[in-house]
Amino acid sequence: MSDFNESAPAPRQGGIAARAMAARGTSAPDYLSGLNPEQRAAVETTEGPVLVLAGAGTGKTRVLTTRIAHILATGRAYPSQILAVTFTNKAAREMKTRIGMLVGGQVEGMPWLGTFHSIGVKILRRHAELVGLKPNFTILDTDDQIRLIKQLIQAENLDDKRWPARTFATMLDGWKNKGLAPKDIPEGDARAFAGKGRHLYAAYQARLMTLNACDFGDLLMHPIALLKANPDVLAEYHRRFRYILVDEYQDTNVAQYMWLRLLAQQPKSGRDETARPPVLRQAQDEGTMSRPSAAAGASSQIAERSSTELPHPELVEGRGSAASTINICCVGDDDQSIYGWRGAEVDNILRFDKDFPGATVIRLERNYRSTGHILGAASHLIAHNEDRLGKTLFTDRADPEDPKVEVNAGWDSEEEARAIGEAIEDLQRRENHDLNDMAILVRASFQMRSFEDRFVTMGLNYRVIGGPRFYERMEIRDALAYFRCVCQPADDLAFERIVNTPKRGLGDATVRLLHDYARERQIPIIAAAGEMVETEELKPKPRNTLRGVVADFRRWSELLPTMKHTELAEQILDESGYTEMWQNDRSAEAPGRLENLKELIRSMEEYESLPSFLEHVALVMDAEQNADTDAVSIMTLHSAKGLEFQTVFLPGWEEGLFPHQRALDEGGRSGLEEERRLAYVGITRAKRRAKIWFVSNRRIHGLWQSTIPSRFLDELPEAHVEVMEANTSYGGYGASGFGGYGASRWDGGNAFKESSYKTPGWKRAQAAQAGFAETPPRRGGDGWSGGRTREITYDAEPGSRGSGGGNGFAGRMNDGPAPGRGHNQPPKKGFGLYSSARKGGPREIQGELVAKSVADGENRFSKGDRVFHLKFGNGTVASIDGNKLTVDFDKAGQKRVLEGFVEAV
DNA sequence: CCTTGCGTACTTTTT
DNA sequence: GTACGCAAGG
């Protein structure tokens with residue numbers, strides 16, 4: 001609350017503004033040197049709405065941070081008068097550091113640099129009571145949200161199987177992304193969930209209010225509602241924020257757009273979700289901050305500012321339309337909009353100049369990251385999209401040594417992993433290539449597995465980026481729930497989460513009783529528990545247990561003010577039996593979980609108290625990956641956005657996977673275009689080398705399916721692409737084999753051989769694709785599941801370029817069993833691989849294959865054999881069922897394991 | 001109340 | 001193929 005009143009302090013000695021000003025040179029300041037003309041324009045056009053279309057690798061972040069430094073250095077605004085929003089904490093952090101580097105020292109006093117959500121919280125905490133919350137409201141994460149919804153669905157007597165809470169949560173998210181309150185949702189949605197859609201939404205919101213809680217969507221929704229309903233509050237913010245900067249504008253959703261429009265005080269226009277009273281006021285209204293009205297323009301701005309407030313009279317020099325005070329600068333790239341499925345509206349960026357009339361649009365097209373081949377390939381590909389503002393990346397760098405973008409074919413996903421693994425080792429060996437500077441970017445996370453398996457057997461260091469984040473892990477959430485109960489005795493969801501964790505015999509029945517009791521009396525569950533242990537309503541056993549739990553929480557709560565928070569946290573976890581629970585857990589993950597808990601306590605050190613820690617956790621916590629060790633990164637294309645690598649591997653470019661079938665089915669043309677943008681993002685991550693792969697067989701949902709090359713391959717320009725005829729060290733695996741064709745060049749000697757779109761392998765791929773393009777689209781199916789592989793025929797004209805990109809539907813390839821193959825077996829081709837794994841120390845991964853490909857009756861083991869298992873140790877075979885063994889392990893007890901996972905001793 | 005077994009689903013993910 | 005969640009059994 002405080003800094004509103006001190007909103008225009010004189011620059012502190014050594015404060016950011018002061019230092020920035022001191023750093024300012026007489027002519028062009030240091031920070032401007034090294035910018036190209038477009039970048040410089042983007043930095044210096046401070047007044048009026050500006051859209052910076054920043055292509056991949058064109059120095060977007062640099063522009064953004066330099067712009068802020070410039071605004072500060074020229075005295076246009078104080079740090080506290082700049083609103084700078086990003087999407088992720090990571091981006092916010094990076095911006096903070098980089099501004100700090102420009103301006104020198106730490107970025108103190110940029111209180112309004114943060115994510116949409118964190119700034120939303122900040123606004124909301126100040127004015128919580130205006131939307132019916134208390135300032136100390138809790139922020140629910142997805143998990144809490146789902147559990148709460150589930151309760152509501154059950155309360156409505158709906159079958160939670162037919163109406164899953166997950167689905168509702170997704171809908172909710174969609175509504176909130178669009179800024180729709182219960183009364184605003186479309187009729188169709190209102191009738192969803194057995195006609196209770198709207199009712200459930202309203203009930204959910206009501207429940208949040210009684211819990212004094214918000215979900216993530218509310219962090220945007222509430223501020224919007226609040227600002228709309230309270231013009232005086234809105235006016236405060238208008239006076240405060242002299243400059244607004246938005247990162248990754250192409251990712252904003254409707255709600256974020258509304259939020260920005262409100263704060264940017266954009267007057268009513270055609271597309272107006274943010275109707276608001278005209279609140280352009282003169283500065284004399286409030287405080288010392290001055291903000292000129294739209295009409296007042298630049299001159300009055302200077303006139304009104306006393307020397308003590310803003311010491312630099314050249315405040316508003318020239319630029320920008322004097323008639324506009326909307327100093328909003330949005331930076332983004334429509335070609336990198338890949339979050340449509342979670343509510344991002346590319347439209348926001350596409351029509352920026354209509355939303356903000358008179359906007360300056362600046363294109364950054366000079367790329368500093370990649371080679372000409374990579375840019376050429378990416379640009380040509382993305383040019384197939386219709387909905388774009390249009391930008392062409394270029395670079396001056398031209399090195400004839402630069403490799404073209406490679407397209408490689410493989411037999412199946414395992415070969416793909418193997419070949420990429422070898423390519424990585426090759427680069428490492430021949431060029432001393434850092435593993436840290438290589439990445440494998442996949443469309444879907446299931447693809448990661450084959451790489452992990454392969455790299456484990458190869459002994460190649462890798463790290464998976466993405467995955468469940470630290471604070472989403474079960475043990476972390478459990479621990480946090482304990483802390484929440486101690487700090488916020490009204491946190492029902494937290495209490496419900498851990499009453500019976502570790503198991504203490506307080507199951508569903510007891511919880512339901514507690515719940516009912518609490519509801520009836522309108523008190524928090526913990527309080528209800530406290531009361532109920534004094535009554536006869538519970539059975540003696542649960543009653544005594546519960547009494548113990550209640551006493552524990554009382555005790556911890558009392559310790560809260562006096563004890564050091566890290567120690568208290570440890571004590572809570574120990575005394576509750578939670579630590580012990582994992583110590584006794586035999587599973588492989590248990591040690592890791594204990595380690596995570598320690599890490600959690602460690603990370604608490606940085607905070608003052610348990611409550612202040614909890615405040616930050618909800619929004620800000622994530623696990624930093626350690627970059628100390630050299631390792632290849634494996635991640636999804638989505639999480640690769642914003643990163644760059646020397647070499648990038650792009651596997652899985654097959655119809656149905658990439659573009660993904662579901663994106664096609666559900667998104668139509670725009671779905672396809674988003675997939676194409678994803679491909680563009682993938683290629684442009686590479687500085688020097690991009691290696692694309694596709695395979696002809698992939699296992700999807702447990703079934704092997706034949707696949708055809710992605711249409712995106714056809715959209716790459718030949719001039720920048722090299723089609724590789726490949727072979728691997730496994731000889732028999734000619735990589736160019738499509739659906740049963742033998743390796744055409746597997747005798748071709750070492751490594752890769754240059755080829756082109758004219759090679760037989762490529763033509764076969766085309767033929768296959770042409771054939772499929774003719775198969776009628778099948779609607780309403782669930783994509784890849786439920787089919788069997790079908791023989792691919794190659795009777796189409798060789799070399800005929802399939803209609804490829806055009807028809808919007810991938811051919812399906814699931815109509816009958818592939819000849820010569822059981823439909824549930826890995827496609828066998830070549831020789832020796834699987835059988836060689838049977839003897840002589842097969843590794844676990846290959847062992848799995850053995851287990852599956854061995855025919856019945858050929859078992860290696862018989863009852864009574866002594867065997868060894870990596871995880872479970874030694875044991876005795878108790879019974880055999882096909883390739884599954886039941887083994888009595890000496891330590892771990894009886895388990896069913898695949899034959900391939902054990903070895904004879 | 002806790003374990004076992006079956007059915008179902010299965011792209012992407014930040015806050 | 002596998003993981004996860006729910007429903008029935010000990």
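Residue numbering restarts at 1 for every chain, and letters A, B, ... go by the order of the sequence lines.
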Taking atom [atom2] of [N] as reference, at what distance in whole Å does atom [atom1] of [X] sit?
X: A:D144; N: B:dT15; atom1: CG; atom2: P; answer: 17 Å
X: A:Q250; N: B:dT14; atom1: CD; atom2: P; answer: 15 Å
X: A:Y471; N: B:dT15; atom1: OH; atom2: C1'; answer: 6 Å
X: A:E615; N: B:dT15; atom1: CD; atom2: C1'; answer: 14 Å
X: A:Q256; N: B:dT14; atom1: CD; atom2: P; answer: 14 Å
X: A:D143; N: B:dT14; atom1: CG; atom2: P; answer: 15 Å
X: A:Q661; N: B:dC10; atom1: CD; atom2: C1'; answer: 14 Å
X: A:W704; N: C:dG1; atom1: CH2; atom2: P; answer: 11 Å

Any protein N or O atoms within reach of nucleotides 6-10 of chain C? Criterion: under 3.5 Å, listing atom names and distances.
residue, atom, partner, partner atom, Å
C:dC6, OP1, A:K150, NZ, 2.3

Acceptor/donor pairs from residues 164-175 of chain A side chains to any protein atom, 3.5 angstrom cut, sequence neighbours excluded:
residue, atom, partner, partner atom, Å
A:T170, OG1, A:R166, O, 2.9
A:W175, NE1, A:D189, OD2, 2.6

query: Given that A:F216 and A:D508 both sit by DNA chain B, which one's nearest nucleotide is further toward the 5' end?
result: A:D508
message: Under a plain distance cut-off of 3.5 Å, with no hydrogens placed, do A:T501 and A:D478 share a side-chain donor-acceptor pair?
response: no
Are [X] and [N] close enough that a side-chain N or O sits under 4.0 Å from OP1 or OP2?
X: A:T86; N: B:dT15; answer: no
X: A:N177; N: B:dT14; answer: no
X: A:S639; N: B:dT12; answer: no
X: A:N500; N: B:dC1; answer: no

task: Apply salt bridge (Lys or Arg N to Asp or Glu O under 4.0 Å) to A:E472 and list each qualifying residue two or more places apart in sequence or on a separate chain.
output: A:R469
Given [options], identify the nucleotide with an atom nearest to the side chain of [X].
X: A:K503; options: B:dT15, B:dT12, B:dC2; answer: B:dC2
X: A:T88; options: B:dC1, B:dT15, B:dT12; answer: B:dT15
X: A:E472; options: B:dT15, B:dT12, C:dT2; answer: B:dT15
X: A:R342; options: C:dG1, B:dC2, B:dT13; answer: B:dT13

[X] near the nucleic acid: base, sugar-phosphate alone, or nothing, with a heavy-atom cut-off under 4.0 Å?
X: A:D251; result: nothing
X: A:T545; result: nothing
X: A:Q447; result: nothing
X: A:A509; result: sugar-phosphate
X: A:T142; result: base

message: Just to verify, what does A:Y339 make a ring pair (Phe, Tyr, Trp, His ring centres under 6.0 Å) with, not counting sequence neighbours?
response: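 For A:Y339, the residues satisfying ring pair (Phe, Tyr, Trp, His ring centres under 6.0 Å) (neighbours in sequence not counted) are A:W341, A:H638.
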statement: Sorted by chain and number, sequence neighbours left out, ring pair (Phe, Tyr, Trp, His ring centres under 6.0 Å) with A:Y680 holds for none
Salt bridge flag under 4.0 Å for residues A:R698 and A:E654: yes
- request: Not counting sequence neighbours, list each pair that qualifies as a salt bridge (charged side-chain N to carboxylate O under 4.0 Å, His left out) and has a residue in residues 330-344 of chain A.
  value: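 Residue pairs with at least one partner in residues 330-344 of chain A: A:D333-A:K391, A:D334-A:K391, A:D335-A:R388, A:D335-A:K391.
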task: Given side chain to side chain contact (heavy atoms under 4.5 Å, CB included), test A:F137 with A:D218 step by step and report yes or no.
output: CA-CA 11 Å; A:F137 60 85; A:D218 288 340; over 6 Å; no
field: Trace of the side-chain hydrogen bond (donor to acceptor under 3.5 Å, both in side chains) decision for A:E248 with A:Q250
entry: CA-CA 5 Å; A:E248 306 279 19; A:Q250 79 282 351; 2.7 Å; yes
- prompt: A:H701 on top of B:dC10's base, within under 5.5 Å and under 30°?
  reply: yes
- prompt: Does the ring of A:W341 meet both stacking tests against the six-membered base ring of B:dT12: centre distance under 5.5 Å and plane angle under 30°?
  reply: yes
